[in-house]
Amino acid sequence: QVQLVESGGGLVQPGGSLRLSCAASGRTRSINTMGWYRQAPGKERELVAVITSDFSTNYADSVKGRFTISRDNAKNTLYLEMNNLKPEDTAVYYCYAEASWGPVERQYVSHYWGQGTQVTVSS
């Protein structure tokens with residue numbers, strides 16, 4: 001299986017920046033797509049950004065131009081650079097990974113989540 005551990009959250013002022021990290025362990029060679037989700041109080045979990053195994057990326061409209069997702073496969077680490085943070089970015093941010101494996105065809109697929117890291121944007 002895959003384990004995901006987020007870090008880097010904290011309290012920042014509006015306009016500030018944070019860099020989140022997600023360390024993956026276990027069967028990391030089985031990981032395909034990774035991403036960041038967030039859940040604000042009273043709201044459902046939403047996709048923030050996703051990055052595929054070939055490093056293609058996609059972002060939620062609300063963070064486009066401000067956030068950058070990246071991955072370092074050699075270090076088994078996913079990153080989210082967050083710039084020009086806004087109060088509405090306040091949420092628990094979760095790391096996500098999709099993994100597949102199988103003896104020949106990689107027919108088994110699993111989804112994994114980290115424990116979350118709190119990001120609070122406030123003056």
Exercise for review: Without swapping roles, check the side chain of Q39 against the backbone of A91 for a donor-acceptor pair under 3.5 Å.
Suggested key: no

Point to revise | Gap between atom CZ of R66 and atom CG of N84 - 0.5 Å precision | key: 6.0 Å

Review point. Would you call K86 and D89 a salt bridge, taking side-chain N to carboxylate O under 4.0 Å as the test?
Key: no

**Study point:** Shortest non-hydrogen contact from G35 toward I69
**Key:** CA-CD1, 4.0 Å

Practice item. Determine yes or no for a side-chain-to-main-chain donor-acceptor pair under 3.5 angstrom, with W36 supplying the side chain and L20 the backbone. Key: no

Check your understanding: When you measure from the side chain of E98 to the backbone N and O of N32, does any donor-acceptor pair fall under 3.5 Å?
Key -> no

Point to revise | Pairwise distance OG1(T68) to CG(N83) - rounded to 0.5 angstrom | key: 6.5 Å

**Study point:** Exercise: do D54 and T52 side chains pair donor with acceptor under 3.5 Å
**Key:** yes

Review point. About how many Å separate OG of S123 and CG of L11, when rounded to the nearest 0.5 Å?
Key: 9.5 Å

Review point. Do Q3 and S25 get their side chains close enough for a donor-acceptor pair, meaning under 3.5 Å?
Key: yes

Review point. Which heavy atom in Y112 sits nearest to a heavy atom in A99, and how many Å separate them?
Key: CE1-CB, 3.9 Å

Exercise for review: Considering non-hydrogen atoms only, spot the tightest contact between L80 and A49 and give its length.
Suggested key: CD1-CB, 4.4 Å

Exercise for review: Kindly confirm or rule out a cation-pi arrangement of R71 over Y79, judged by NZ or CZ under 6.0 Å from the six-membered ring centre and within 45° of its axis?
Suggested key: no

Review point. If two hydrophobic side chains count as joined below 4.5 Å and joins carry through other members, does L4 share a cluster with V92?
Key: no

Check your understanding: Is a donor on one side and an acceptor on the other found under 3.5 Å between the side chain of T90 and the backbone of V121?
Key -> yes

Exercise for review: For the pair R27 (side chain) and Q1 (backbone), establish whether a donor and an acceptor sit closer than 3.5 Å, ignoring hydrogens and angles.
Suggested key: no

Check your understanding: Quick check: are there more than 12 heavy atoms from other residues, nucleotides or ligands sitting under 6.0 Å from CD of E44?
Key -> no

Review point. Under the 3.5 angstrom rule, does the side chain of R45 hit a backbone N or O of Y94 as a donor-acceptor pair?
Key: no

Review point. In Å and rounded to the nearest 0.5 Å, what is the CG to OH distance from L18 to Y93?
Key: 9.0 Å

Review point. At what distance, to the nearest 0.5 angstrom, does NZ of K64 lie from OG of S62?
Key: 9.5 Å

**Study point:** ILVMFWY network linking W101 to M34, side-chain heavy atoms under 4.5 angstrom
**Key:** yes

Check your understanding: Measuring from S70:OG to E81:CD, what's the distance to the nearest 0.5 Å?
Key -> 6.0 Å

Practice item. Would you check if there is a donor-acceptor pair between the side chains of T77 and D72 at a distance under 3.5 Å? Key: no

Review point. Is it true that a side-chain atom of T117 and a backbone atom of G9 form a donor plus acceptor pair closer than 3.5 Å?
Key: yes

Review point. Are V2 and S30 close enough that some pair of their side-chain heavy atoms sits under 4.5 Å apart?
Key: yes

Review point. Considering all heavy atoms of both residues, which atom of R106 and which atom of S100 are nearest to each other, and what is their separation?
Key: NH2-O, 2.8 Å

Review point. Under the 3.5 angstrom rule, does the side chain of Q115 hit a backbone N or O of E6 as a donor-acceptor pair?
Key: yes

Review point. Should V50 and W113 be regarded as members of a common hydrophobic cluster, given that ILVMFWY residues are connected when their side-chain heavy atoms come within less than 4.5 Å of each other, either directly or indirectly?
Key: yes

Practice item. Give the minimum heavy-atom separation between F67 and Y59, together with the two atoms involved. Key: O-CE2, 3.3 Å

Study note, to complete from the structure: Smallest heavy-atom separation, C95 atom then L78 atom, equals SG-CD2, 3.7 Å

Check your understanding: Going through the distances and angles, do V63 and R38 end up as a side chain to side chain contact (heavy atoms under 4.5 Å, CB included)?
Key -> CA-CA 12 Å; V63 307; R38 68 185 182 187; 3.8 Å; yes

